[in-house]
Structure formats: structure tokens, C-alpha cells
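All values below come from the heavy atoms of this structure, side chains included, with hydrogens, waters and symmetry mates left out.
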Amino acid sequence: MSLDSFSLKGKVAIVTGCDAGLGQAMTVALARAGCNIVGVSRRTPDETQALVESAGRRFEAVKADLSTIEPIPFIVDEALRAFGHIDVLINNAGIIRRENALEFSEQDWDDVLDVNLKSVFFLSQAVARHCVAEQRGGKIINIASMLSFQGGIRVPSYTAAKSGLMGLTKALANEWAPHGINVNAIAPGYMATNNTAALRADKQRNADILARIPAGRWGRADDLAGPVVFLASSASDYMHGCTLAVDGGWLAR
Ligand code: NAP
């Protein structure tokens with residue numbers, strides 16, 4: 001095996017939620033490894049685009065709100081119009097709502113399930129249809145969570161979605177591995193992004209979380225760079241249905 005098997009030169013990756021946090025860091029990592037990027041976001045991803053272009057890669061911005069599945073055909077069409085093919089899909093866009101389960105609203109249930117699970121399935125389906133039709137294989141990487149393994153506190157719809165996402169990763173891997181499509185997930189631990197701002201602002205929760213992380217620090221978005229490049233590259237061709245924890249040892253505790 002040579003280090004070339006980690007190269008993404010000439011590949012095209014769609015990344016949802018590319019404008020911020022983990023999505024931006026993974027986008028930049030993929031670009032530095034050789035990927036051109038179709039960046040999906042609600043806001044104009046100027047900063048991400050500049051970072052990708054300064055790595056010498058092309059960036060195609062696609063504005064889309066994944067709270068419904070309506071924009072999915074547009075995302076795939078735009079990717080194919082810009083680059084002619086799709087090799088990698090990173091299902092990163094996600095939201096969280098915090099409330100006691102006794103008070104939790106239907107809106108907070110539906111909003112989270114729609115973005116974090118429903119749109120992930122239908123975007124994966126649309127990309128897989130392209131990969132199967134073109135017989136060129138592909139890599140689908142879902143961004144799961146510690147709450148794919150654990151229950152969490154005051155985030156029932158998020159836990160349901162992320163636990164569902166780990167199951168979906170395995171279900172799709174079973175069906176699409178014969179087509180040369182690898183479906184895997186990354187489960188980030190507690191990472192310092194907007195998603196966890198409320199936890200870090202709560203002194204007690206912050207201390208409790210840190211005390212359980214063997215690495216002794218919150219994760220940084222860039223901690224996902226190596227794992228996402230690995231799962232997007234041919235170095236991981238025999239991995240199917242796996243959820244890779246990148247958590248500073250949280251789950252080992
Ligand atoms: P973040 O900074 O809040 O980023 C979330 C991204 O998702 C943003 O780009 C956001 O776009 C996008 N997004 C949200 N709703 C969307 C919608 N309806 N349509 C399109 N894009 C939408 O949080 P993050 O930590 O980077 O989260 C990225 C992923 O990692 C999420 O799936 C999250 O659940 C997961 N995760 C995070 C952690 C953590 O500790 N941070 C741990 C485990 C898993 P806007 O900028 O427009 O809001």
C-alpha cells in the first residue's frame with residue numbers, strides 16, 4: 001500500500017453545512033487532499049470557498065435549505081453540471097434542540113428529524129442513484145454523534161436522529177456495498193463548535209464533560225481532518241457500515 005491511496009486528487013465531494021464548524025473543517029481537509037468541492041449551505045460560504053481555492057481546488061457553492069428534501073435534485077444537478085461526476089458525499093448539516101423530554105414540542109422533534117435524518121437519507125439515495133448508474137462507486141460519510149451510542153440529556157429528537165443515522169449507515173452499506181459504494185459514519189465526540197456552545201457556557205456541564213474525556217480537552221473541528229480524508233479515500237475501500245468515533249476517548253471511558 002502506498003500513501004497515494006489516501007489521495008483524493010481529481011475527486012468531487014458534496015459537503016452539506018460547509019459554511020461552519022465541522023463541515024468547514026472537513027471541506028478544507030478534503031480540498032487539501034485533492035478534492036474539488038460542491039459546498040451546500042443556507043448562507044453564502046465565502047470563507048470556506050476562499051480556503052478551498054487557496055488549496056488550489058475548485059469550489060461550487062449550492063444554496064439549499066435541507067429542512068425539506070425539495071432541494072435535493074437541484075444539489076445533484078448542480079454538482080453534475082459543475083464537475084460531471086460525484087465521488088463523495090458528506091452528510092454533515094445538522095441541528096440540535098434542547099428541552100426536557102416532558103416539555104419537548106412536536107416542532108422540535110420534526111425539525112431535527114427532518115434535517116438530521118430524512119434529508120440525509122434522500123440526499124444519499126440521490127447520490128447513490130448517480131453512482132450506481134455511472135458504475136463508479138462512491139463514498140458516503142454520515143456525521144453521527146456520541147448520541148448514536150448514548151442517550152444524552154434533554155435532546156431526545158437529536159438522540160433519536162443520530163441513533164437512527166448509525167442504523168441507516170449500516171442499512172445503506174448492506175445494500176450499496178455490492179455497487180462499490182462505501183457508506184460509513186464519523187461520530188465526533190464533544191467538539192467546540194456552535195452546536196455545543198450552550199454546553200460550554202454551562203460551567204458545571206463543561207466541567208463534567210471535560211472530566212470524562214481522556215484526551216483532556218474538547219475536540220477541535222480539525223480533529224476530523226484525518227478521519228474524513230481516510231473514509232473518503234481508497235485507503236478505506238473495505239470499510240462498510242462502520243461508525244468511527246473521533247472522541248478523545250470518550251466512549252472508551
Ligand atoms: P454547527 O457549527 O452548528 O454547523 C451546523 C451546520 O449545519 C451549519 O453549516 C448549518 O448551516 C448547517 N445546517 C443546519 N441546518 C441546515 C439546513 N436546514 N439546511 C442546510 N444546512 C443546515 O455545528 P457542527 O458542530 O459543525 O455540526 C456539524 C455536524 O456535526 C452536525 O450534524 C452535528 O450534529 C454533528 N456533531 C457535532 C458535534 C459537536 O460536538 N460539535 C458532535 C457530534 C456531532 P447554518 O450556518 O446555515 O446554520
Side-chain angles (χ1 to χ4, degrees), residues 1 5-8 11-18 21-23 25-35 37-38 40 66 79 85-94 115-132 134 136-150 159 161-189 191 219 221-252:
M1 200 207 73
S5 64
F6 290 88
S7 169
L8 301 178
K11 303 281 186 192
V12 174
I14 299 178
V15 185
T16 67
C18 71
L22 306 183
M26 290 189 286
T27 300
V28 173
L30 294 170
R32 288 182 180 154
C35 244
I37 303 291
V38 179
V40 179
L66 288 166
H85 65 276
I86 302 164
D87 302 292
V88 179
L89 168 64
I90 313 290
N91 284 309
N92 165 76
V115 179
N116 293 19
L117 197 55
K118 184 174 178 180
S119 288
V120 170
F121 172 69
F122 285 102
L123 181 55
S124 301
Q125 181 193 60
V127 168
R129 282 177 177 163
H130 158 75
C131 295
V132 170
E134 296 297 314
R136 53 180 298 128
K139 303 273 184 179
I140 297 178
I141 302 165
N142 297 323
I143 304 307
S145 166
M146 293 297 96
L147 302 191
S148 301
F149 301 92
Q150 302 176 305
T159 303
K162 294 296 186 181
S163 298
L165 187 56
M166 186 161 78
L168 183 65
T169 300
K170 292 184 263 194
L172 299 183
N174 291 338
E175 287 203 41
W176 297 344
H179 297 286
I181 300 172
N182 300 76
V183 186
N184 290 294
I186 291 173
M191 318 295 281
D222 197 40
D223 288 319
L224 299 189
V228 78
V229 169
F230 169 58
L231 286 179
S233 74
S234 65
S236 59
D237 277 353
Y238 200 56
M239 289 182 67
H240 292 279
C242 169
T243 296
L244 192 62
V246 182
D247 63 351
W250 173 276
L251 287 179

(request) State, yes or no, whether a side-chain contact exists between Val246 and Pro188 at a heavy-atom distance under 4.5 Å. (result) no
(request) Of all the heavy-atom pairs spanning Asp222 and Ala25, show the shortest one and how long it is. (result) N-CB, 4.1 Å
(message) Assess, by modelled atom type and distance only, whether the side chains of Thr16 and Asn92 contain a donor and an acceptor separated by less than 3.5 Å.
(response) no
(message) Would you compute the distance between atom CG of Leu22 and atom OG1 of Thr27 and round it to the nearest 0.5 angstrom?
(response) 10.5 Å
(request) Can you see which heavy atom on Phe230 is nearest to which on Ala235, and at what distance? (result) CE1-O, 3.7 Å
(request) Nearest 0.5 Å please: distance from the CZ atom of Phe149 over to the NZ atom of Lys162. (result) 12.0 Å
(request) Please round to the nearest 0.5 Å and tell me the distance separating atom OG1 of Thr243 and atom NZ of Lys170. (result) 6.5 Å
(request) Would you please name every residue forming a side-chain hydrogen bond (donor to acceptor under 3.5 Å, both in side chains) with Ser124, sequence neighbours left out? (result) Asn91
(request) Write down the atom of Pro178, the atom of Asn174, and the distance for their closest heavy-atom approach. (result) CD-O, 3.6 Å
(request) May I ask you to test the Val228-Leu30 pair for a side-chain heavy-atom distance under 4.5 Å? (result) yes
(request) Provide the closest heavy-atom pair for Gly17 versus Ala93 in the form atom of the first, atom of the second, distance. (result) N-CB, 3.9 Å
(message) What I want to check is whether the side chains of Gln150 and Trp250 have a donor and an acceptor closer together than 3.5 Å.
(response) yes
(message) With a 3.5 Å distance limit and no angle check, can you tell me whether Ser148 reaches the backbone of Ala144 through a side-chain donor-acceptor pair?
(response) no
(message) Could you check whether any side-chain N or O of Asn184 sits under 3.5 Å from a backbone N or O of Gly241, counting only pairs where one atom can act as donor and the other as acceptor?
(response) yes
(message) Show the nearest heavy-atom pair for residues Val115 and Gly94, with the distance to one decimal.
(response) CG1-CA, 4.1 Å
(request) State the CG-NE2 distance between Leu172 and His240, to the nearest 0.5 angstrom. (result) 13.0 Å
(message) Using the salt bridge (charged side-chain N to carboxylate O under 4.0 Å, His left out) criterion, which residues pair with Lys139? Sequence neighbours excluded.
(response) Asp237
(request) Please round to the nearest 0.5 Å and tell me the distance separating atom CD1 of Ile186 and atom CG of Leu224. (result) 5.5 Å
(request) Calculate, to the nearest 0.5 Å, the distance between atoms CD1 and CG belonging to Ile14 and Leu123 respectively. (result) 6.0 Å
(message) Within the structure provided, determine whether Val38 and Val12 are in side-chain contact (heavy-atom separation under 4.5 Å).
(response) yes
(message) In the structure I gave you, are the side-chain heavy atoms of Glu134 and His85 within less than 4.5 Å of one another anywhere?
(response) no
(request) Step by step, work out the side-chain contact (heavy atoms from CB on, under 4.5 Å) result for Leu117 and Leu165. (result) CA-CA 6 Å; Leu117 197 55; Leu165 187 56; 4.2 Å; yes
(request) Mark yes or no for whether His179, through its side chain, and Cys131, through its backbone, hold a donor-acceptor pair below 3.5 Å. (result) no
(request) Work out which heavy atom in Trp176 is nearest to a heavy atom in Val183; give both atom names and the distance. (result) CE3-CG2, 3.9 Å
